[in-house]
Amino acid sequence: MNFYQEVYKLVAKVPKGKVATYGQIAALISTPRAAQVVGFALRALPQNSEVPWQRVINSQGCISIQNPRWPQSEQARLLKREGIKVAFSHNVYRVDLDKYLYSFRAR
DNA sequence: AAGGTGACTAACA
DNA sequence: ATGTTAGCCACCT
C-alpha cells in the first residue's frame with residue numbers, strides 16, 4: 001500500500017465534527033516532513049470520493065485547499081454542516097484546533 | 001521514462 | 001517577526 005492509500009485510510013478515520021492537520025497525518029504514516037504529500041494525495045482524489053478530505057486543514061487551523069473544483073468557501077460550508085465553527089477573517093477561514101482537532105488513538 | 005508539479009511545515013537567516 | 005528552504009511522494013506528460 002502506497003503513501004496515498006495510507007493517507008486515505010487515515011483521513012477516513014477522522015470522525016464527523018472533528019478535523020486533522022496534514023502534518024498529523026504525515027507523522028502517523030512516516031515522517032512529519034511528508035505533510036505536503038498528504039495535501040498532494042487529497043488533491044488527487046476524484047470529485048465523488050467518499051473520503052472526508054474536508055476535515056483536513058493546515059497546522060494553523062486554516063483551510064488550505066487550492067482546488068478550483070472545491071473553493072475554500074465550499075469546504076467551510078461542509079465543515080459547518082458537520083457542526084464545526086468556521087471563522088472567516090482576513091479573507092481566511094479558520095477552525096479552532098484546540099476545540100476540534102482529532103487525536104488518533106495509538107495503533 | 002525522466003522530470004515537473006502540487007491541499008504543508010518546521011527550521012533558519 | 002517575516003521571508004526562504006529543504007524534505008517528501010505519486011501522478012501526469
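Closest approach of A/S30 and A/F3 over heavy atoms only: OG-CE1, 3.4 Å.
To the nearest angstrom, C1' of C/dC8 lies 15 Å from CD1 of A/I25. Note: OH (A/Y8) to P (B/dA7) measures 14 Å, nearest angstrom. In this structure, CZ of A/R55 is placed 17 Å from C1' of B/dA7, rounded to the nearest angstrom. A straight line from CD of A/Q5 to C1' of C/dC11 spans 13 Å, rounded to a whole angstrom. Protein atom CD1 of A/I63 is 15 Å distant from nucleotide atom P of B/dA7, rounded to whole Å. Between A/F40 atom CZ and B/dA7 atom P the separation is 8 Å, expressed in whole Å. In this entry the distance linking CG of A/L10 with P of C/dC9 reads 15 Å, nearest Å. Distance, A/Q36 CD to B/dG6 P: 10 Å, rounded to whole Å.
Between A/S59 and B/dC8 there is no side-chain N or O to OP1 or OP2 distance below 4.0 Å. OP1 or OP2 of C/dC8 has not a single side-chain nitrogen or oxygen of A/T31 nearer than 4.0 Å.
Closest to the side chain of A/N2, out of C/dC9, C/dA10, B/dA7, is C/dA10.
Nucleic acid contact for A/N67: none, since no nucleic acid atom lies under 4.0 Å from a heavy atom of the residue. Residue A/F3 is in sugar-phosphate contact alone, with no base atom involved, counting any heavy-atom pair closer than 4.0 Å across all strands shown. Nucleic acid contact class of A/W53 (heavy atoms, under 4.0 Å, all strands): base.
If you run side chain to side chain contact (heavy atoms under 4.5 Å, CB included) between A/E6 and each of A/I29, A/V11, A/V38, only A/I29 comes through.
Formation of a donor-acceptor pair under 3.5 Å by the A/Q54 side chain with backbone atoms of A/L78 is not found in this model.
Atom-to-atom distance recorded for A/W53:CH2 and A/I65:CD1 is 4.5 Å, nearest 0.5 angstrom.
B/dA1 and C/dC9: their P atoms are spaced 22 Å apart (whole Å).
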Tell me, with the steps shown, if A/R55 and A/E82 meet salt bridge (charged side-chain N to carboxylate O under 4.0 Å, His left out). CA-CA 10 Å; A/R55 301 186 192 144; A/E82 300 185 348; 2.9 Å; yes
